[in-house]
Asker: 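For reference, the structure I am asking about is given below.
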Number of protein chains: 2
Amino acid sequence: MTIAQQQIQLARRPQGVPVHEDFRFETISIPEPKQGEVLVKTLYVSVDPYMRGRMQDTKSYVEPFALDEALSGGVIAEVMSDGDKLKQGEIVIGNLNWQEYSAVSESAVRKIDTSLAPASAYLGILGMTGLTAYFGLLDIGRPKEGETVVVSGAAGAVGSAVGQIAKIKGAHVVGIAGSDDKIDYLKNELQFDEAINYKTADDIQKALADACPNGVDVYFDNVGGPISDAVMNLLNEFARIPVCGAISSYNAENEADDMGPRVQSKLIKTKALMQGFIVSDYSDRFPEGAKQLAEWLRDGKLHYEETITEGFENIPDAFLGLFKGENKGKQLIKVSDPS
Amino acid sequence: MTIAQQQIQLARRPQGVPVHEDFRFETISIPEPKQGEVLVKTLYVSVDPYMRGRMQDTKSYVEPFALDEALSGGVIAEVMSDGDKLKQGEIVIGNLNWQEYSAVSESAVRKIDTSLAPASAYLGILGMTGLTAYFGLLDIGRPKEGETVVVSGAAGAVGSAVGQIAKIKGAHVVGIAGSDDKIDYLKNELQFDEAINYKTADDIQKALADACPNGVDVYFDNVGGPISDAVMNLLNEFARIPVCGAISSYNAENEADDMGPRVQSKLIKTKALMQGFIVSDYSDRFPEGAKQLAEWLRDGKLHYEETITEGFENIPDAFLGLFKGENKGKQLIKVSDPS
């Protein structure tokens with residue numbers, strides 16, 4: 001084992017779209033685990049759009065990342081030393097720094113069962129992204145059989161799970177995504193009823209109206225921006241809008257960069273509900289969600305894709321790719337193989 | 001009794017802000033009540049901002065008004081002929097045409113108790129406006145003691161009730177209105193904690209921040225537009241926003257006239273809820289609300305203002321005045337005295 005390793009830090013707060021210069025690779029030593037800690041080796045790192053928000057120094061639901069300190073997020077790791085409870089060779093998940101090795105409290109990570117699904121699935125369909133889809137759709141969206149559910153960012157990790165769960169619930173499911181490859185995936189692999197390529201549609205409003213002849217009962221909003229503006233014109237009475245992400249706004253530097261038609265009169269006309277949420281609002285119900293997702297996965301009712309980038313050094317690139325719509329399904333970085 | 005009377009019809013659908021030419025006074029005969037009907041004489045007519053929406057020929061929660069037919073709305077009337085249940089001289093409320101006399105089904109109107117409150121109160125604090133405040137604030141807003149409640153259109157019929165109910169519930173109440181006279185009324189008569197004149201404030205955003213040092217937990221939105229844009233920047237975690245009216249948008253001819261900062265990222269950051277509603281969503285709970293409002297009124301905890309314009313011929317003027325912020329409290333037109 002080497003005694004030096006790489007860590008990725010936030011070098012500066014991004015202005016608009018993040019760039020390479022916002023990240024810094026720092027060589028640090030591999031830490032010695034203290035009492036109650038174990039040494040873990042990073043196997044997979046998750047990069048997620050919400051991290052863009054943490055790079056700003058503004059009030060939000062999670063603390064901003066500190067400047068000149070390590071970035072962090074969902075990580076799958078291998079235990080490299082025996083602890084009180086964890087044993088060498090076990091695979092764990094936790095919120096860990098972007099570095100190759102970490103010394104972590106045994107209580108800060110959770111052992112996962114890789115006989116049920118591959119380790120990487122715990123950063124996706126069986127992890128925060130699957131749970132985000134599950135609770136946002138079922139607790140806020142509450143689709144009923146025969147209703148129309150529209151999901152934006154539909155080929156992404158959350159969106160693809162949302163659409164499939166909506167199908168399980170008997171809804172007419174319409175996905176919005178940004179490439180023909182993704183549209184093909186949604187319609188032919190995930191069995192969405194309709195899928196719209198917003199980049200090539202002549203008129204997104206008309207394409208949506210055609211795909212939703214009975215209007216929109218649930219809009220699972222992953223993107224914000226002009227796509228959401230268009231969906232808001234098709235709401236049915238008592239529509240529900242779980243607001244999960246606004247990737248189109250995350251890089252806006254100020255309000256003037258994210259202007260659109262106001263929603264108030266649309267909400268009044270339809271008596272619709274819009275609600276922002278994050279998955280941790282539902283942490284006391286995670287076991288329920290994880291159990292149901294694992295059952296659907298086992299029964300072949302739920303499929304997932306991963307875009308796996310190889311190499312620790314490519315973490316920033318993979319993160320930046322999220323904002324270019326490069327990933328299909330969950331974007332992960334494979335840092336190392338288990339020993 | 002004369003045999004001819006006046007009726008006000010929708011002459012054309014308004015373009016932008018309604019004008020006199022959108023209304024037509026038509027002379028019609030006084031109808032003969034049929035079996036099951038009574039003849040009633042109009043005493044008070046209510047004009048309300050939501051009626052602007054019904055003048056458009058667009059899908060909304062209520063049917064559009066028909067062109068070249070009578071406009072209608074909340075009316076207090078006197079029964080002029082004995083029916084099966086109703087007796088001559090009784091005072092009733094109902095949704096009736098804008099005309100001086102109507103023949104109405106006995107089941108289409110409801111007798112009111114004018115010993116409890118003046119007849120006009122049933123078009124305001126004890127009627128749809130009071131119930132709108134009650135259910136929107138308590139069912140969607142759910143203010144807790146010590147929380148900050150902001151209400152726009154605060155000196156209007158709904159807004160002034162919202163603020164007072166929020167005070168009853170122990171909230172820090174901030175009203176937004178458009179004249180010094182209204183500000184004085186909110187602070188000194190209704191005991192709002194703070195009141196902001198949006199027309200004279202140098203910086204509405206700063207004025208709001210000063211009035212809400214602990215952020216905003218509930219925003220009862222009566223107006224939409226730039227005032228609401230500013231409030232949306234001060235939301236606390238899990239804020240609730242009952243969206244009741246968007247008077248600033250009702251005259252917008254298209255989306256381009258009602259653009260503002262998008263709300264999605266603000267809802268996500270704060271995990272806030274926005275919900276459009278109309279009072280009829282709560283019709284099965286009206287008795288509960290009406291009873292509570294009457295108790296508060298009797299106990300002196302609830303005050304209300306009326307702006308009463310005299311004369312049937314002034315109904316259009318009184319309606320147009322709503323969009324100029326001319327009224328304080330409920331805007332009514334007194335058409336005649338009881339016999």
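No hydrogens, no waters, no symmetry mates; every other heavy atom, side chains included, goes into these values. Sequence lines set the chain letters: A, B, ... in the order given, protein chains first and strands last, and positions in each chain run from 1.
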Asker: Suppose we screen for salt bridge (charged side-chain N to carboxylate O under 4.0 Å, His left out). Which residues come up paired with Glu147(A), at least two apart in sequence or across chains?
Answerer: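 Glu147(A): salt bridge (charged side-chain N to carboxylate O under 4.0 Å, His left out) contacts with Lys144(A), Arg240(A).
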
Asker: So how far is it from Met274(A) CE to Ile268(B) CD1, rounded to the nearest 0.5 Å?
Answerer: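 Going from CE on Met274(A) over to CD1 on Ile268(B), the span is 9.0 Å.
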
Asker: Holding to salt bridge (charged side-chain N to carboxylate O under 4.0 Å, His left out), I want the full list of residues that pass it with Lys206(B), two or more places apart in sequence or in another chain.
Answerer: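 Counting only residues at least two positions away or on another chain, Lys206(B) forms a salt bridge (charged side-chain N to carboxylate O under 4.0 Å, His left out) with Asp210(B).
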
Asker: Among Pro261(A), Gly260(A), Gly245(A), which has the most heavy-atom pairs under 4.5 Å with chain B?
Answerer: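 Maximum pair count with chain B is reached by Gly260(A).
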
Asker: Nearest 0.5 Å please: distance from the NZ atom of Lys271(B) over to the CG atom of Asp281(A).
Answerer: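 These two atoms lie 4.0 Å from each other.
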
Asker: With a 4.5 angstrom heavy-atom cut-off, which part of Pro242(A) approaches chain B: side chain, backbone, both or neither?
Answerer: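 Neither part.
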
Asker: Nearest 0.5 angstrom please: Tyr50(B) OH to Lys269(A) NZ, how far?
Answerer: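 If we round to the nearest 0.5 Å, Tyr50(B):OH and Lys269(A):NZ are 15.5 Å apart.
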
Asker: Check each atom of Val243(A) against the heavy atoms of chain B and say whether the ones under 4.5 Å are side chain, backbone, both or neither.
Answerer: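 For Val243(A), backbone and side chain are both near chain B.
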
Asker: So which of Val223(A), Ile241(A), Asn233(A) has the biggest tally of heavy-atom pairs under 4.5 Å with chain B?
Answerer: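 So the answer, after comparing Val223(A), Ile241(A), Asn233(A), is Asn233(A).
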
Asker: Atom CD of Gln264(A) and atom CE of Met232(B): how far apart are they, to the nearest 0.5 Å?
Answerer: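 The CD atom of Gln264(A) sits 7.0 Å away from the CE atom of Met232(B).
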
Asker: Answer with side chain, backbone, both or neither: which region of Asp258(A) has an atom nearer than 4.5 Å to a non-hydrogen atom of chain B?
Answerer: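 Both parts, backbone and side chain.
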
Asker: Heavy-atom pairs under 4.5 Å with chain A - which of Asp221(B), Asp229(B), Ile140(B), Val263(B) has more of them than the others?
Answerer: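 The answer is Asp229(B).
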
